[in-house]
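Notes follow the structure.
In listed order, ligands and their atoms are each counted from 1.
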Amino acid sequence: MDTIQYILSPREAQEAEQKWRIVKRSVDARQRELRVHLTILTDDKGHPIAKDAPIPLYEPPVFQDVHHAKRSVIIIGCGPAGLFAALALLEHGIKPIIYERGKEVSERKKDIALLNRNEGLNPESNYCYGEGGAGTFSDGKLFSRSKKRGNMQRVMELFHYFGAPDTVLYEAHAHIGSDKLPGIIKRMRECIIEHGGEIHFGCRVDSLRELKVESLKFKDTPIILAIGHSAHDTYRMLAQEGVAMETKGFAMGVRAEHPQELINRLMYHLVENRKSKDESIIDFVGNASYSMVTQVDGRGVYSFCMCPGGHIVPAGSSEGSCVVNGMSASHRNSPYANSGMVVQILPEDIPGEDPLRGLAFQEALERLAFEHGIEPNIAPAQRMRDFVEGRASKDLPACSYLPGIVPSRLDEWLPAHIGKRLQQGFRDFDRKYPGFLTNDAVIVGVESRSSSPVRIIRDPETLQSINTPNLYPCGEGAGYAGGITSSALDGINAALWIAGE
Ligand SMILES: Cc1cc2nc3c(=O)[nH]c(=O)nc-3n(C[C@H](O)[C@H](O)[C@H](O)COP(=O)(O)OP(=O)(O)OC[C@H]3O[C@@H](n4cnc5c(N)ncnc54)[C@H](O)[C@@H]3O)c2cc1C
């Protein structure tokens, strides 16, 4: 087998994709005319392989029956890191036992519906906590294809095996969507249980020591710690129990939302009011996304987790705080384009020595945003140009954030080292994409959970905590991964080390 590469118009690419086996696809929007880069599988003579040829897409996983397995591993947290660790353990004949503080996905959905209707936050079942972790009700972007930390393609294959669309196998910027993810996560759970693994929902681990007492009954069972980065209470418990941690750099800011049609125009170089051609392009390549980055006063300012055709969501996990994030459904077809717009924060930006001081810093900003919103979840917001030019917004544009937004002076109350840098960042982005800085866009506060401010220090080779034997911190909460795919891969790596591979 070999491959051949083509650079095609969207229409040609669409036709090719219906006929041939695609192994890579990316959209190039840098030129005035959109181009699609396609890599097609060929036979040894260079003939393209038909889409439905009887050649397996990949080697399917083989999960072993672990009902009576000799070895078991405890996993704390059922996000991508915990779930993929469990699947990898099953492949190696080891029984995973997962403890998850939140609920299973269908029950969790009901709590999320209440949250979106502004009818209250369940602190144990929300956008952060519950089956599938923070990845379940997300855009489901599966970006990172870095080979550095292992086999990313295997993560994509497992998502596909459990029901993700074929595009996750070849699309450069694949995504699944929050309407499809719950079903995929449910099938992963069913597979784990069917093969003899255990998942205990509504089980928050409040003491590692006590859990270790239990684990001793299983002959010193290893513990994979996959808690994500929102569980501040769990970090504090770990600190109290002496697990080695340190502060790490992270990022905070706001979520910006534009009309999607404006972003399509800027990114795809479309002409205003020329609808018919534009619609056919967008039908195939989808609504446009963007990625922005600049440097302001020695710190990065960048877009984060951009959700074309998406929604802004209330992503906090505790009362009295206002946290936003973004998600989209598989078709990415809402009229809004949102993205985190964040400023890099380095450990030296937060005074003190406490390894958990980044958490306190996040919490303070989330409380401030809550105070400038309206209880329980109406978020403070400002038109983008008003924010940059230091003016109050008399009113706000329509916004996808279901609980609602209220005008607020983010330009005044955001800490200057974040607010001023964001203002300059938006000016820089507008220089690159004139029209980006507009009062048709709104910024909503605050985007504070883009990455973990803490690292649970582990040995680079054995992946074990440097001072707590048999504890394997992994995923985003451990500070070694960011996003769904790299967290999933980190979970797999922990499992493989334990399995002895
Ligand atoms: C709204 C939203 C949209 C996002 N969109 C994307 C995206 O499009 N693409 C992308 O790559 N990333 C996205 N992310 C980030 C992504 O979801 C995370 O990077 C990823 O889920 C991290 O995986 P994890 O397994 O390390 O942790 P998590 O997914 O956070 O899972 C940790 C789990 O541990 C549980 N837990 C915590 N403490 C305890 C305890 N003491 N006892 C028992 N259980 C506990 C939690 O309930 C949670 O279920 C998004 C996040 C959010 C909130």
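Atom CD of Glu371 sits in a crowded spot, with more than 12 heavy atoms from other residues, nucleotides or ligands closer than 6.0 Å.
Here the closest heavy-atom approach between residue Ala251 and residue Ser450 is recorded as O-OG, 2.9 Å. Leu181 and Ser138 make their closest contact through CD1-OG, 3.7 Å (heavy atoms, listed as atom of the first residue, atom of the second, distance).
At the shortest separation from atom 18 (C) of ligand 1 among protein heavy atoms lies Glu476 OE1, 2.9 Å. Taking atom 25 (O) of ligand 1 as the reference point, the nearest protein heavy-atom neighbour is Ala81 N, 2.8 Å. Residue, atom and distance of the protein heavy atom nearest to atom 51 (C) of ligand 1 are Ala134 O, 3.6 Å. Here the heavy atom of the protein found nearest to atom 4 (C) of ligand 1 is Ser138 CB, 3.2 Å.
Residue contacts with ligand 1, taken as heavy atom pairs separated by less than 4.0 Å, involve Cys128 solely via the backbone atoms N, CA, C and O. At a 4.0 Å heavy-atom cut-off, ligand 1 does not touch Asp206 at all.
Looking at Gly133, Gly340, Pro314, Gly228 and measuring to atom 27 (O) of ligand 1, the nearest heavy atom belongs to Gly228. Distances from atom 49 (O) of ligand 1 to the heavy atoms of Glu100, Glu131, Lys103, Arg108 show the closest one on Glu100.
His232 and Tyr235 have tilted rings, their planes meeting at an angle from 30° to 60° on a 0 to 90° scale.
In the model, Arg449 has no side-chain atom that pairs as donor or acceptor with a side-chain atom of His229 under 3.5 Å.
By the definition of a contact as any protein heavy atom under 4.0 Å away, atom 14 (N) of ligand 1 is not in contact.
A salt bridge links Glu107 with Lys110: the closest approach of a Lys/Arg side-chain nitrogen to an acidic carboxylate oxygen falls below 4.0 angstrom.
No heavy atom of Cys307 sits closer than 4.0 Å to any atom of ligand 1.
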